[in-house]
Amino acid sequence: MIISIVTPVLNGGNDLRACIESVKVETPGGILIEHLIVDGGSTDGSAELAAAYGVRALREPTVGLTGRMNIGYRAAKGELIGFLGADDVLLPGAMKAVVKAYWRRRRRWVVGGIRWIDPNGHSLGEFRAPPQWMTAAAHVALDWNVISPLATYMNRDFFAELGGYDERYDVAADFHLFARALQREPFERIARPLACWRRHLRNYSIVHTDRATHEARAIRQSLGLHDDHGRPLRRYAMKAWFNLGNPGWCGRKLIERARLELGMTWQTRP
């Protein structure tokens, strides 16, 4: 069995090295891990770094982020395909947990949790995988992605059946893909975190927050999950589940929000 991990990169810098090394050490018995880099025209040697590690790199300098994700997923050889940002890292044992969950009931996609880290690698709290009972309507109720792309692995045939990422969406393409997947069938939940999301002011979703919100609302409309009388209840239920289930993450989010409202810059631990 092959598991493929796709990493789009554009000037990944020093973080890309840690990303590649975190995948290299994942060697579950009987499983081959393929790491595929899709470079958007880096000028800092990111593609060359990948090649030096023996990682296959595709160069796509004229294609946007969502398009590069589609190219990577379609070029991947794995039965299961996942995503890892160039500045993110896998946690030890992640692939073993993915394989175990995938074989448990042969569901065509599996979803785990993530750990938030600051630019220096210090933990900012863990974010659990969504509840097994979550529907597509509940998923889109908050207008942000409660299913982490860093902790989601999808069967390649299921990805093709869904038509891949919709390239009309620049920031919320994964939000759209996962909502469509939930409309088809449930995921298999993994209780543990699988990867670390490095949170900084250059994160694509943070830089383009307004665009992400606009796209999420358009996606709800396109999927027929627009505003109705049940949405406030679903929104409350999802907020309550995540806030109560992730107290450390919730506390840090409240602190960060307070800092922003007070005009303070987001700081990392020394």
Side-chain angles (χ1 to χ4, degrees), residues 2-24 26 33-78 80-91 94-95 98 109 111 114 116-117 119 145 147-154 156 159-160 162-178 181 194-209 211-212 215:
I2 300 174
I3 298 178
S4 297
I5 298 175
V6 175
T7 296
V9 63
L10 181 60
N11 297 323
N14 292 330
D15 290 335
L16 180 60
R17 187 182 301 274
C19 171
I20 293 173
E21 290 178 348
S22 75
V23 176
K24 282 282 187 184
E26 285 293 295
I33 307 299
E34 175 194 41
H35 195 185
L36 182 60
I37 304 293
V38 187
D39 186 78
S42 297
T43 57
D44 69 344
S46 288
E48 290 77 11
L49 174 65
Y53 272 94
V55 175
R56 182 182 173 199
L58 303 177
R59 298 174 187 256
E60 300 290 345
T62 64
V63 180
L65 177 60
T66 305
R68 279 185 279 133
M69 287 296 299
N70 275 331
I71 289 170
Y73 271 61
R74 289 165 183 159
K77 300 174 182 177
L80 279 178
I81 308 174
F83 162 85
L84 188 67
D87 50 2
D88 306 317
V89 294
L90 280 183
L91 286 167
M95 293 299 94
V98 167
W109 61 313
V111 176
I114 58 168
W116 287 23
I117 58 175
N145 203 358
I147 298 177
S148 171
L150 303 184
T152 301
Y153 288 79
M154 187 171 287
R156 63 178 301 109
F159 179 81
L162 292 168
Y165 291 101
D166 191 325
E167 296 183 27
R168 292 177 298 174
Y169 302 112
D170 183 46
V171 189
D174 48 11
F175 176 82
H176 185 228
L177 178 70
F178 300 154
L194 301 179
C196 294
W197 180 54
R198 198 179 303 273
R199 184 172 171 80
H200 47 67
L201 295 179
R202 302 187 311 277
N203 292 131
Y204 200 69
S205 58
I206 293 177
V207 173
H208 302 289
T209 299
R211 188 187 304 174
E215 289 184 1

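Just the heavy atoms: all of them, side chains too, but no hydrogens, waters or symmetry mates, feed the values below.
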Rounded to the nearest 0.5 Å, what separation is found between the [atom1] atom of [X] and the [atom2] atom of [Y]?
{"X": "M154", "Y": "L162", "atom1": "CE", "atom2": "CG", "answer": "5.5 Å"}
{"X": "I20", "Y": "T7", "atom1": "CD1", "atom2": "OG1", "answer": "7.5 Å"}
{"X": "D87", "Y": "N14", "atom1": "CG", "atom2": "CG", "answer": "12.0 Å"}
{"X": "K24", "Y": "I33", "atom1": "NZ", "atom2": "CD1", "answer": "11.5 Å"}
{"X": "L80", "Y": "I3", "atom1": "CG", "atom2": "CD1", "answer": "5.5 Å"}

Taking the side chain as C-beta and beyond, is there a heavy-atom pair between [X] and [Y] under 4.5 Å?
{"X": "C19", "Y": "H35", "value": "yes"}
{"X": "V9", "Y": "R68", "value": "no"}
{"X": "I37", "Y": "L16", "value": "yes"}
{"X": "C196", "Y": "D88", "value": "no"}
{"X": "I5", "Y": "E26", "value": "no"}
{"X": "M69", "Y": "F83", "value": "yes"}
{"X": "I81", "Y": "F159", "value": "no"}
{"X": "Y73", "Y": "Y165", "value": "yes"}

Heavy-atom pair of closest approach, residues [X] and [Y]:
{"X": "E215", "Y": "V171", "value": "OE1-N, 3.0 Å"}
{"X": "A75", "Y": "L58", "value": "CB-CD1, 3.9 Å"}
{"X": "A195", "Y": "L150", "value": "CB-O, 3.8 Å"}
{"X": "A151", "Y": "I114", "value": "CB-CG2, 3.9 Å"}
{"X": "R199", "Y": "P119", "value": "O-CD, 3.4 Å"}
{"X": "G164", "Y": "R74", "value": "CA-NH2, 4.1 Å"}

Donor-acceptor pair, [X] side chain versus [Y] backbone, under 3.5 Å?
{"X": "D170", "Y": "L65", "result": "no"}
{"X": "S22", "Y": "L90", "result": "yes"}
{"X": "S46", "Y": "G12", "result": "yes"}

- Apply the test side-chain contact (heavy atoms from CB on, under 4.5 Å) to residues I147 and W109: give CA-CA distance (whole Å), side-chain angles for both, the deciding distance (0.1 Å), then the verdict. CA-CA 12 Å; I147 298 177; W109 61 313; 4.0 Å; yes
- How far apart are the C-alpha atoms of K77 and L36, what are their side-chain angles, what is the distance that settles it, and do they pass the side-chain contact (heavy atoms from CB on, under 4.5 Å) test? CA-CA 10 Å; K77 300 174 182 177; L36 182 60; over 6 Å; no
